[in-house]
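Below, all heavy atoms of this structure are taken into account, side chains as well, without hydrogens, waters or symmetry copies.
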Amino acid sequence: MPAAVLGRPRRVLRAVAIAACVPYLSLKTAWVAGSRVGIPDGSTLLEHRTTMAVANTAGVLLDGAVIVLASLLTRPWGLRVPAWLLALPAWVATGLLAPITTGYPLQLLVRALGGTVDRSSGTGRRPFLHEWVFGVVYTGFIVQGLALGVLFLLYARDRWGHVWRGRVGELPAGAVGPAQRACAVAACAFALFPLVMNLVWACGGTAALSAGRVADRTSDFYVLEATDVCFVLAAVAGAVPLAFRLGRRMPVAVPLAPAWVGSGVLVCWGGWLSLASLTSVEDLADRPTPLMNLVYAVQMISGFLVAALGAHFLAERSAAHAGQRDRRVA
């Protein structure tokens, strides 16, 4: 296993992931130091220096964690790290990067096909960042997400491949079967609310949206809402077969993957948007409405329930594998 961890393809992927962090880290570091590169005159970012410094420092730390994670996934000492200490940041990274990795290319595609773009010069609203900043940063995020995703899959296959081998029909009922089913039902019930609201917004509805959000809707907005719908569906579509042992001939990895990705997106982006709503916004029209905040909170609850179900499932599979190994040794 150590030889595989240090193989040339993984070293290349590690270098790619680390190099992809450079644009974001450079911009954030420059902004913390007081630079205005990429920030146009009149931007609201220039009015809250302290808040911007704190947020940018947090961004540096988060993206710096990508470098640590890439090293951990490709070094022999990474094999000795406790499972939860690796799985948690990998799950968070998946949740944060998956919507960008899927959403931004789709936004560019829709724009190329004639979609609308939000430009402050045409709306009278103050600019936020130069357009090139989003292209540079999001491209870096996409490369990070793809490189880290492949590295984690290779690492997980080597260390924990036994937990997703086999087919759903071969899974035992397990001692926590009733708890998993109850968790899945609760996750579906909570997911219904954000699913409906995101679907309404994706189809052009304005229910519960703030006035500023309604005014700023472009093709980018609709693409993001549509991808949000997909991630909610992915979370519950992965949780239900695992909990109720549906699709007996289906490989275990098929429902496990969307449950992992979907739950991470629901929790991480629900939490991020909830935190963002707490920051001071001078224009009342731009503040999230109470119902928007409720959507973020409920999607977090649904995501946590799916994540708990997945954690129970993985722990049960690991324990069963360890028991079989012990019996063979005995």
Val240 vs Leu246, test: side-chain contact (heavy atoms from CB on, under 4.5 Å). Steps then yes/no. CA-CA 7 Å; Val240 171; Leu246 301 179; 3.6 Å; yes
Nearest heavy-atom pair of [X] and [Y]: which atoms, and what distance?
X      : Y      : value
Ala239 : Leu309 : O-CD1, 4.0 Å
Ala30  : Val37  : CB-CG1, 4.2 Å
Ala20  : Gly140 : CB-O, 3.6 Å
Arg248 : Arg167 : O-CB, 3.6 Å
Tyr104 : Gly135 : OH-CA, 3.2 Å
Val32  : Ala53  : CG2-O, 4.0 Å

Taking the side chain as every heavy atom from C-beta outward, state whether [X] and [Y] have any pair of such atoms under 4.5 Å apart.
X      : Y      : result
Pro255 : Met250 : yes
Pro99  : Leu224 : no
Leu209 : Thr289 : no
Val295 : Phe193 : yes
Trp164 : Leu314 : no
Leu291 : Leu294 : yes
Cys21  : Gln144 : yes

Working for side-chain contact (heavy atoms from CB on, under 4.5 Å), residues Met300 and Ser274: CA-CA 10 Å; Met300 284 181 65; Ser274 296; 4.2 Å; yes
Are [Y] and [X] connected into the same hydrophobic cluster when the rule is that any two of I, L, V, M, F, W, Y join if their side-chain heavy atoms are below 4.5 Å apart?
X      : Y      : answer
Phe244 : Leu305 : no
Val60  : Val22  : no
Ile100 : Val232 : no
Val143 : Phe134 : no
Phe221 : Val214 : yes

Listed partners of Trp160 passing ring pair (Phe, Tyr, Trp, His ring centres under 6.0 Å), at least two apart: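 So Trp160 forms a ring pair (Phe, Tyr, Trp, His ring centres under 6.0 Å) with Tyr155.
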I'd like to check the ring pair (Phe, Tyr, Trp, His ring centres under 6.0 Å) partners of Phe304; sequence neighbours left out, ordered by chain and number.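 So Phe304 forms no ring pair (Phe, Tyr, Trp, His ring centres under 6.0 Å) with any residue.
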Give me each pair satisfying ring pair (Phe, Tyr, Trp, His ring centres under 6.0 Å) with a member in residues 19-44, each pair once, sequence neighbours excluded.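 Passing the test, one end in residues 19-44: Tyr24-Phe141.
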Indicate, with yes or no, if the rings of Phe152 and Trp260 have centres closer together than 6.0 Å.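 Yes, ring centres under 6.0 Å apart.
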Could you name each residue pair satisfying salt bridge (charged side-chain N to carboxylate O under 4.0 Å, His left out) that touches residues 16-40, not counting sequence neighbours?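 Found Arg36-Asp41.
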Do the side chain of [X] and the main chain of [Y] share a donor and acceptor less than 3.5 angstrom apart?
X      : Y      : value
Asn56  : Met52  : yes
Gln107 : Asp220 : yes
Gln299 : Leu266 : yes
Thr139 : Val136 : no
Ser302 : Phe190 : no
Ser43  : Pro40  : no
Glu225 : Trp201 : no

Output a table of donor-acceptor pairs, distance under 3.5 Å, between side-chain atoms of residues 64-73 and any protein atom two or more places apart or on a different chain; print 'none' if there are none.
unit_1, atom_1, unit_2, atom_2, d
Ser71, OG, Ile67, O, 3.0

Rounded to the nearest 0.5 Å, how far does [atom2] of [Y] lie from [atom1] of [X]?
X      : Y      : atom1 : atom2 : result
Leu45  : Ile39  : CG    : CD1   : 5.5 Å
Arg75  : Arg10  : CZ    : CZ    : 13.5 Å
Thr206 : Arg213 : OG1   : CZ    : 13.0 Å
Leu171 : Leu242 : CG    : CG    : 7.5 Å
Met292 : Ser210 : CE    : OG    : 4.5 Å
Tyr296 : Trp269 : OH    : CH2   : 11.0 Å

Could you tell me which residues satisfy salt bridge (charged side-chain N to carboxylate O under 4.0 Å, His left out) with Arg217, sequence neighbours excluded, listed by chain and number?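 None.
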Would you check if there is a donor-acceptor pair between the side chains of Ser263 and Trp91 at a distance under 3.5 Å?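 Indeed, the side chains of Trp91 and Ser263 share at least one donor-acceptor pair under 3.5 Å.
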Hydrogens and angles aside, do Arg14 and Thr74 bring a side-chain donor and acceptor to less than 3.5 Å of each other?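 There is such a pair (donor and acceptor under 3.5 Å, judged by atom type) between the side chains of Arg14 and Thr74.
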Can a salt bridge be assigned to the pair Arg317 and Glu170 using a cut-off of 4.0 Å between side-chain N and carboxylate O?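 No.
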More than 12 non-hydrogen atoms from neighbouring residues, nucleotides or ligands closer than 6.0 Å to OH on Tyr138, yes or no?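 Atom OH in Tyr138 is not crowded, with 12 or fewer foreign heavy atoms closer than 6.0 Å.
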Evaluate the ring planes of Trp132 and His130, with Trp represented by its six-membered ring, and classify them as parallel (under 30°), tilted (30 to 60°) or perpendicular (over 60°).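 Because their plane-to-plane angle is under 30°, the rings of Trp132 and His130 count as parallel.
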